[in-house]
Protein chains: 2
Amino acid sequence: MAKQNQSSEKFKRSSCPVASTLDIIGDKWTLLVVRDLFAGKRTYSEFQGSPEKIPTNILADRLKRLAEYEIVVKKPYQHHPVRYEYLLTAKGKDLGPVLMTMVQWGEKHLPGTKAQIIPAKEAKP
Amino acid sequence: MAKQNQSSEKFKRSSCPVASTLDIIGDKWTLLVVRDLFAGKRTYSEFQGSPEKIPTNILADRLKRLAEYEIVVKKPYQHHPVRYEYLLTAKGKDLGPVLMTMVQWGEKHLPGTKAQIIPAKEAKP
DNA sequence: CCGGATCCGGTCTGATACTG
DNA sequence: CAGTATCAGACCGGATCCGG
């Protein structure tokens, strides 16, 4: 039975929107996956390829939860060896501003960080 | 020596601003404390009084970390029985937009949540 | 009393190995 | 490639204890 160890069932339903939102994205990895989705990554191995090196079991769990919360949809895009891709839903895309403000805060206050998720329009010096 | 159990030393220094920011605020409790600060709470017991019931050791640890990151400052405001208050720094106040976007996302996508930290200007439908 | 520190059981993380 | 299984150790969370 294995008491669903890292499974996905974490409903707390606080009345505060901040607390409720944090119940969903309040951990180190979830938003990193969302960031990768915004960056155009779509497959499991692309997520694994990110420099933060998310553990494979954590990645699987987060993707499952993101799908349950309808922040992403998982769909097969090839059948022979079955391949899946994960895409942001409208709800997931609405997390953009959250990511954005975090990027701005990080760039302003944390030295040595530079955004790469927003290509920007070639502001070449 | 007690190998600093829940102590504060969690530097990962990723180059991505999202990852770096998440190393600081990427957990369930930290932003909740920041939310309380924005809501005007300043003392240890006021934080403990929040409906989410943060455990005392977690609260102490988060406040210590927030102070180390210079997101808050801790200062005594009374001496007889010494009492402390925690105040947001400019860096901490800059987290406002992050909180804001999370509130907006939560209110839009999570039913049954209602903000209480931002009075809002009566944008009645 | 208030602001924390300590203890301890249970949960989750994270590295690696393994499977379809 | 896309995960699942396993397992030690880190971390959380509740309760309790302590210093001023």
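Small disclaimer: the values here were computed from a predicted structure and weren't measured. Within every chain, numbering begins at 1; the chains are lettered A, B, ... in the order of the sequence lines, protein sequences first and strands thereafter.
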Practice prompt. Identify, between A:Ile54 and B:Leu63, the residue whose nearest nucleotide on DNA chain C lies closer to the 5' end.
Written response: B:Leu63
Practice prompt. State, to 0.1 Å, how close A:Trp29 and A:Pro55 come at their nearest heavy-atom pair, and which atoms those are.
Written response: CZ2-CD, 3.9 Å
Worksheet item: Residues from residues 72-79 of chain A sitting under 4.0 Å of DNA chain C, heavy atoms only?
Response: none
Item to complete: Report yes or no: is there a donor-acceptor pair, N or O only, under 3.5 Å between the side chain of B:Asn57 and the base of D:dG14?
Response: yes
Worksheet item: Between which residue ranges does DNA chain C form stems of three or more consecutive Watson-Crick or G-U wobble pairs, both distances under 3.5 Å?
Response: C:1-20 with D:1-20
Response to the item:
In terms of heavy-atom contacts, A:Leu37 and A:Phe47 come closest through CD2-CZ, 3.6 Å
Item to complete: Check the distance between D:dC12's C1' and A:Asp23's CG and give it to me in whole angstrom.
Response: 14 Å
Worksheet item: In whole angstrom, what separates A:Leu66's CG from D:dG3's P?
Response: 13 Å
Fill in: Side-chain touch A:Cys16/B:Arg35, heavy atoms, less than 4.5 angstrom
yes
Worksheet item: Within the pair A:Arg42 and D:dA2, is there a side-chain N or O less than 4.0 Å away from OP1 or OP2?
Response: no
Practice prompt. Look at A:Lys41 together with A:Glu46 and state whether they make a salt bridge at an N to O cut-off of under 4.0 Å.
Written response: no
Discussion item. It should be established whether A:Thr56 places a side-chain nitrogen or oxygen under 4.0 Å from OP1 or OP2 of nucleotide D:dT4.
Written reply: no
Worksheet, complete the sentence: B:Arg65 atom CZ is separated from D:dC12 atom P, nearest whole Å, by 8 Å
Worksheet item: Rounded to whole angstroms, how far apart are NE2 on B:His80 and C1' on C:dG3?
Response: 17 Å
Worksheet entry | Nearest-angstrom distance from the residue atom CD1 of A:Ile58 to P of D:dC11 | 14 Å
Practice prompt. Would you mind classifying the nucleic acid contact of A:Phe47 as base, sugar-phosphate or nothing, using non-hydrogen atoms under 4.0 angstrom?
Written response: nothing
Worksheet item: Can you tell me if the side-chain N/O atoms of B:Arg83 get under 4.0 Å from OP1 or OP2 in C:dG4?
Response: no
Fill in: Any A:Lys53 side-chain N or O less than 4.0 Å from OP1/OP2 of C:dA15
no
Practice prompt. Check every atom of C:dT13, C:dG4, D:dG13 against the side chain of B:Tyr84 and return the nucleotide holding the closest atom.
Written response: C:dG4
Worksheet item: Hey, is the side chain of A:Ser45 poking within less than 4.0 Å of OP1 or OP2 on D:dC1, counting only N and O atoms?
Response: no
Worksheet item: Between atom NZ of A:Lys28 and atom CG of B:Asp27, what is the distance when rounded to the nearest 0.5 Å?
Response: 10.5 Å
Worksheet item: So which one's nearest nucleotide on DNA chain D is more toward 5', B:Pro55 or A:Tyr86?
Response: A:Tyr86
Item to complete: Tell me, with the steps shown, if A:Tyr77 and A:Leu87 meet side chain to side chain contact (heavy atoms under 4.5 Å, CB included).
Response: CA-CA 11 Å; A:Tyr77 67 93; A:Leu87 301 170; over 6 Å; no
Discussion item. For C:dC1 and B:Tyr44 - does any side-chain N or O of the residue sit under 4.0 Å from the phosphate oxygens OP1/OP2?
Written reply: no
Item to complete: May I have the distance from A:Lys64 (atom NZ) to D:dA5 (atom C1'), rounded to whole angstrom?
Response: 12 Å
Discussion item. Show the nearest heavy-atom pair for residues B:Met102 and A:Thr21, with the distance to one decimal.
Written reply: O-OG1, 3.4 Å
Discussion item. Does A:Asp61 form a side chain to side chain contact (heavy atoms under 4.5 Å, CB included) with A:Arg65? I'd like the steps, not just the answer.
Written reply: CA-CA 6 Å; A:Asp61 180 67; A:Arg65 287 182 51 191; 3.8 Å; yes
Worksheet item: So, do B:Tyr44 and B:Thr56 sit near enough that their side-chain heavy atoms are less than 4.5 Å apart?
Response: yes
Item to complete: From the options D:dA2, C:dT13, D:dC12, select the nucleotide whose nearest atom is closest to the side chain of A:Arg62.
Response: C:dT13
Worksheet item: Quick one: B:Asp61 CG to D:dG14 P, roughly how many Å, whole number?
Response: 15 Å
Worksheet, complete the sentence: Rounded to whole Å, NZ of B:Lys28 lies from C1' of D:dC11 at a distance of 12 Å
Discussion item. For B:Leu66 and B:Val34: C-alpha separation, side-chain torsions, deciding distance, then whether side chain to side chain contact (heavy atoms under 4.5 Å, CB included) applies.
Written reply: CA-CA 9 Å; B:Leu66 285 171; B:Val34 174; 4.3 Å; yes
Worksheet item: Looking only at heavy atoms, which two atoms of A:Glu52 and A:Leu32 are closest? And how far apart?
Response: CG-CD2, 3.9 Å
Discussion item. So, OP1 or OP2 of D:dG13: does either fall under 4.0 Å of a side-chain N or O from B:Trp29?
Written reply: yes
